[in-house]
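Everything on this sheet refers to the single structure shown next.
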Amino acid sequence: QVQLVESGGGLVQAGGSLRLSCAVSGRTFRNYVAAWFRQAPGKEREFVAAISRSGDFTYYAKGVKGRFTIDNNNSKNTVYLQMNTLKPEDTAVYYCAADAGPATGRAPGDYGYWGQGTQVTVSS
């Protein structure tokens with residue numbers, strides 16, 4: 001069993017930054033691939049970023065590439081999402097997800113473990 005707990009969400013003005021954290025407990029974290037998804041009101045959950053087991057490979061949705069950075073710290077069993085130059089359209093609940101891999105998928109169905117989500121609100 002794997003448990004994921006997100007933190008770091010909040011209210012920020014457009015152009016600002018936030019850093020989300022996802023603490024992973026349960027099985028050995030280094031064996032898992034991880035990702036961030038988001039879901040805005042009335043919309044489907046969408047892929048944001050993913051990171052490979054080793055942390056050497058990262059993948060981003062087109063709309064966040066160059067502004068967001070995903071990384072992990074295996075010694076702390078934590079995945080991060082650094083979000084810069086935030087826009088009002090980034091407003092959503094952000095979810096951390098993990099799975100055994102090895103593939104880093106872009107669909108919610110590719111991940112078996114999910115956190116409870118953290119709200120990010122970007123004001124204009």
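Just so it is clear, the values below take in all heavy atoms, side chains as well, and ignore hydrogens, waters and symmetry mates. Keep in mind the model is a prediction, meaning the values are calculated, not measured. In this chain, numbering begins with 1 at the start of the sequence shown.
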message: I'd like to know if the side chain of S75 reaches the main chain of N73, judged simply by a donor and an acceptor atom lying under 3.5 Å from each other, with no hydrogens or angles considered.
response: no
query: Where does the angle between the aromatic ring planes of Y94 and F68 fall among parallel (under 30°), tilted (30 to 60°) and perpendicular (over 60°)?
result: tilted
CA sep, side-chain torsions, deciding dist, call: M83, L20, side chain to side chain contact (heavy atoms under 4.5 Å, CB included): CA-CA 8 Å; M83 305 185 294; L20 305 183; 3.8 Å; yes
query: Quick one: does T91's side chain have a donor or acceptor within less than 3.5 Å of a partner on T121's backbone?
result: no
query: Strictly by modelled atom types, are N84 and S17 linked by a side-chain donor-acceptor pair under 3.5 Å?
result: yes
message: Treating T85 as the side-chain partner and G15 as the backbone partner, does any N or O pair qualify as donor plus acceptor under 3.5 Å?
response: no
query: Under the disulfide (SG to SG under 2.5 Å) rule, what pairs show up with a residue in residues 53-124, not counting sequence neighbours?
result: C22-C96
- request: Report the C-alpha distance between I70 and Y60 in whole Å, list the side-chain angles of each, state the deciding distance to 0.1 Å, and finish with yes or no for side chain to side chain contact (heavy atoms under 4.5 Å, CB included).
  value: CA-CA 9 Å; I70 187 172; Y60 297 93; 3.5 Å; yes
Qualifying residue for side-chain contact (heavy atoms from CB on, under 4.5 Å) with I51, from T104, T58, L81: T58
- prompt: W36 and V79: side chain to side chain contact (heavy atoms under 4.5 Å, CB included), yes or no, with the steps?
  reply: CA-CA 9 Å; W36 289 93; V79 179; 3.6 Å; yes
- prompt: So, is the end of the R53 side chain (NZ or CZ) under 6.0 Å from the ring centre of Y32 and within 45° of the ring's axis?
  reply: no
Sequence-distant partners of R67, salt bridge (charged side-chain N to carboxylate O under 4.0 Å, His left out), two or more places apart: D90
- prompt: Can the ring centroids of Y111 and F37 be said to lie less than 6.0 angstrom from one another?
  reply: yes
query: Looking at side-chain heavy atoms only, is the closest gap between L18 and L86 below 4.5 Å?
result: yes
- request: Return each pair, listed once, that meets salt bridge (charged side-chain N to carboxylate O under 4.0 Å, His left out) where at least one residue sits in residues 41-52; pairs must be two or more places apart or across chains.
  value: R38-E46
message: Between E6 (side chain only) and Q116 (backbone N and O only), is there a donor and an acceptor less than 3.5 Å apart?
response: yes
- prompt: Going by atom types alone, do S25 and Q3 pair a side-chain donor with an acceptor below 3.5 Å?
  reply: yes
query: With a 4.5 Å limit on heavy-atom distance, are the side chains of W114 and P108 in contact?
result: yes
